[in-house]
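Hydrogens, waters and symmetry mates play no part in the numbers below; they use all other heavy atoms, side chains included. Here is how names work: the chains are called A, B, and so on, in the same order as the sequence lines, proteins then strands, and each is numbered from 1. No experiment lies behind these values; they were computed from the predicted model shown.
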Amino acid sequence: MSAALDTLLQNAAVWRGAGSAPAAGAGIASGFSALDEKLGGWPAGALVELIPQREGIGELSLLLPALAALSRDERWIAFVNPPYIPYAPALAAAGIDLAKIVVVRAAGHADALWAMEQALRSGACGAVLGWPGFVTEPAIRRLQLAAETGHAPGFYFTACGALPRTSPVPYRLRIDARPSGLQVEILKRRGGGAVAPLMLNHALAVPGLSSPAAGTVSAVRRIA
Amino acid sequence: MIAGGGSRPQVIACDAQAQAAGIRPGMALSAAYALSPQIRVRVRDSVLELRTLEANALWALQFTSQVVVAPPASLLLEVGGSLRLFGGLDALRARIREAVAALGFDAVIAVAPTPLGAQWLARAGLDIAVEDAAMLHRHLGRLPVAHLDGQRATLESFRRMGLRALGELARLPRDGFARRFGPALLDRLDRAFGHRPDPQPAFTPPARFRAGLTLPSPVTEVEALLFATHRLLLQMTGYLAARNAGVARLKLAMTSEDNLTLDAIVALSVPSRDPKHLANLLRERLSQTQLPGRIESIALEALDVSQLAPRNFSLLPDREQSREEKAALVEKLRARLGDDAVHGVSLYPDARPELAWRETEPGTRMQPAPKLSRPAWLLTRPRRIDLREGAPWLDGQLTLLDGPERIESGWWDGEDVMRDYFVARNPDGATFWVYRERSAEGRWFLHGLFA
């Protein structure tokens with residue numbers, strides 16, 4: 001392959017059609033081998049939309065191993081408008097260096113998007129997680145550019161209802177809880193088409209508690 | 001147009017429109033009114049002039065530590081010691097010229113071996129660099145005698161003796177000159193020509209930077225306000241450069257026509273003297289603020305000033321740069337969203353879950369704590385859970401996966417907690433951190449989500 005073509009393919013803006021391998025190199029290990037195999041890790045300079053079926057099914061636990069690894073680096077890990085308090089004891093238990101966490105509370109939707117964009121663009125963040133509510137197409141494009149500039153992955157969470165069918169975001173993942181673990185459906189990715197939903201071990205969300213899939217269902221107690 | 005005070009006010013300066021009407025500087029105000037009754041007159045404010053000059057003296061400290069304020073409109077800079085640092089006289093003059101223009105002033109920059117010489121040349125409008133005594137004699141010699149002394153009586157005697165230029169004065173016999181005009185005048189002439197040393201009282205900068213200005217016309221727009229602030233920022237950064245310092249906290253005080261005031265305070269985690277960065281921070285802060293009407297005057301004050309670490313001696317330049325980038329991001333976010341809107345988190349040794357963490361300054365390092373089964377999301381306030389058929393219900397009946405973990409604490413500060421915590425899951429697969437109060441009622445609460 002010519003050097004010029006190589007350079008071109010390195011460019012994050014170039015979309016490579018289905019059938020080719022996941023973009024090599026710069027990915028950040030997610031901590032889930034099944035996911036890394038399909039995505040090539042979390043993309044270092046791109047936007048990822050995460051769509052949990054509902055709150056509290058383990059959507060954050062999907063990112064915790066990567067955040068723990070990223071927090072060993074110097075850069076910030078920014079939480080922009082999280083819906084709840086990012087609970088320090090749990091983050092610390094997941095191996096995240098709390099000294100790298102920055103929580104940003106923006107009063108409005110526009111300010112939340114602005115803060116995400118600034119954080120992504122600054123180059124000072126290893127990852128930016130945002131809960132902006134909704135994101136319009138122009139906003140997605142701005143955030144994507146900012147992520148490329150700052151070479152950081154930007155994750156934003158949207159509710160499952162009223163999803164637009166198409167979106168310029170390069171990565172879209174739907175997350176659902178199943179009795180056997182966390183089901184991740186890759187709706188869109190770079191360097192490949194749709195794949196069958198992946199099942200991930202759910203145990204991470206509840207540290208210290210083994211996965212129901214591992215045969216601990218008998219420990220479950222119902223309240224009469 | 002500006003008129004001087006006193007019993008017989010005079011026109012000191014006037015704009016092009018006034019000149020077209022025939023008005024000239026030096027004219028009596030009454031005569032100016034006669035020419036054009038609708039002129040707008042502003043009284044000269046010599047106090048404000050002096051303050052402006054002093055603010056510019058602070059700014060000039062970035063070029064040399066020896067600055068002299070020479071009212072009404074001159075600054076003297078001793079640049080002999082600065083030439084090497086700035087790469088020669090031409091480079092330094094160019095630098096100063098550029099910086100003066102950025103401040104928004106017109107200046108004549110004259111260089112001479114003596115302070116008086118430089119001052120007179122500049123006042124005469126000669127924008128030149130005089131580097132030796134012979135050249136100084138030539139240029140000073142051509143200046144009118146009024147530079148030496150503006151007293152009417154002295155000027156009259158010069159005129160009667162037919163003396164017009166300073167050079168002619170310098171050629172007079174010294175003892176005769178001293179007898180006729182007094183030794184003080186001879187001394188002054190000697191100092192100008194460099195026959196006598198002329199030590200100058202150096203300007204001592206105040207411990208704190210504060211400079212203000214009155215806007216030419218009141219403004220309501222943030223951008224216009226920032227434009228006006230630019231000059232003050234440059235004055236401040238000059239002052240900071242002289243001290244190899246940066247500002248950590250600065251205040252922009254604004255006063256409206258109705259005398260309402262508003263202070264915008266910007267705090268920086270890493271001190272800076274970059275006028276662009278500071279202007280950006282002020283812009284973010286002001287864009288979130290409602291101006292109290294039409295702003296008439298502003299003042300900039302450096303509240304906290306501290307030394308800047310010498311950058312080039314850093315052993316880990318990448319780390320240093322990353323530290324600055326990180327601080328800059330936090331500042332930028334805070335400038336627009338408010339100081340409280342950006343924080344870090346840390347652990348806190350308290351058994352009560354809601355108190356087991358603290359908001360901190362981002363980047364605060366803490367001791368690691370024992371690992372517990374805790375949810376990634378905590379609710380700001382525990383939320384009451386309904387019971388259905390006696391069992392806790394959150395979009396479906398909850399199944400308890402783990403627990404109870406008994407937490408009893410806080411009896412000493414009245415915030416006592418007696419709870420049994422459980423990990424619970426609903427039929428959708430959402431996992432919750434819930435507790436039951438250990439009281440007669442036994443109410444259930446949601447406290448966190450294992451997201």
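For a residue to count as touching a neighbouring chain, one of its non-hydrogen atoms must lie under 4.5 Å from one of that chain's; by this rule B:L329 touches chain A with the side chain only. Within the 4.5 angstrom heavy-atom criterion, no atom of A:R121 approaches chain B. When heavy atoms are compared at a cutoff of 4.5 Å, B:F432 approaches chain A solely by way of its side chain, counted from C-beta outward. Contacts of B:N426 with chain A are made by side-chain atoms alone, with heavy-atom separations under 4.5 Å and no backbone atom involved. Neither the backbone nor the side chain of A:A107 comes within contact range of chain B; no heavy atom of the residue lies under 4.5 Å from a heavy atom of that chain.
Between B:W377 and A:Y84, the ring planes lie tilted relative to each other; the angle falls in the 30° to 60° range.
In terms of heavy-atom pairs under 4.5 angstrom with chain B, the leader among A:C125, A:A115, A:P83, A:A124 is A:A124. Of all the listed residues (B:A328, B:G344, B:G363, B:A424), the one sharing the greatest number of non-hydrogen pairs under 4.5 Å with chain A is B:G363. Ranked by heavy-atom pairs under 4.5 Å with chain A, the first of B:E359, B:R336, B:H343 is B:R336. With chain A as the partner, the residue from B:G448, B:S346, B:A341, B:G338 showing the most heavy-atom pairs under 4.5 Å is B:A341. Ranked by heavy-atom pairs shorter than 4.5 Å toward chain B, the options A:V104, A:V102, A:D111 are led by A:D111. Ranked by heavy-atom pairs under 4.5 Å with chain B, the first of A:A99, A:S122, A:P82 is A:A99. When each of B:D428, B:T360, B:T364, B:D395 is checked for heavy-atom pairs under 4.5 Å with chain A, B:D428 comes out on top.
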Could you walk me through whether B:R283 and B:E223 satisfy the salt bridge (Lys or Arg N to Asp or Glu O under 4.0 Å) test, starting with their C-alpha distance in whole Å, then the side-chain angles of each, then the deciding distance to 0.1 Å, before giving a yes or no?
CA-CA 8 Å; B:R283 173 176 293 115; B:E223 278 307 317; 2.8 Å; yes
CA sep, side-chain torsions, deciding dist, call: B:R384, B:E441, salt bridge (Lys or Arg N to Asp or Glu O under 4.0 Å):
CA-CA 13 Å; B:R384 188 72 191 277; B:E441 286 172 86; 5.5 Å; no
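Within 6.0 Å of atom CZ in B:R381, 12 or fewer heavy atoms from other residues, nucleotides or ligands are found, so the atom counts as exposed in its surroundings. By the 6.0 Å contact criterion, CD on A:E137 is enclosed, its count of non-hydrogen atoms from other residues, nucleotides or ligands being greater than 12. Taking a 6.0 Å sphere around OH of B:Y348, one finds it holds 12 or fewer heavy atoms contributed by other residues, nucleotides or ligands.
Between B:W444 and B:F422, the ring center distance clears the sub-6.0 Å criterion.
Closest approach of B:P353 and A:Y87 over heavy atoms only: O-OH, 2.5 Å.
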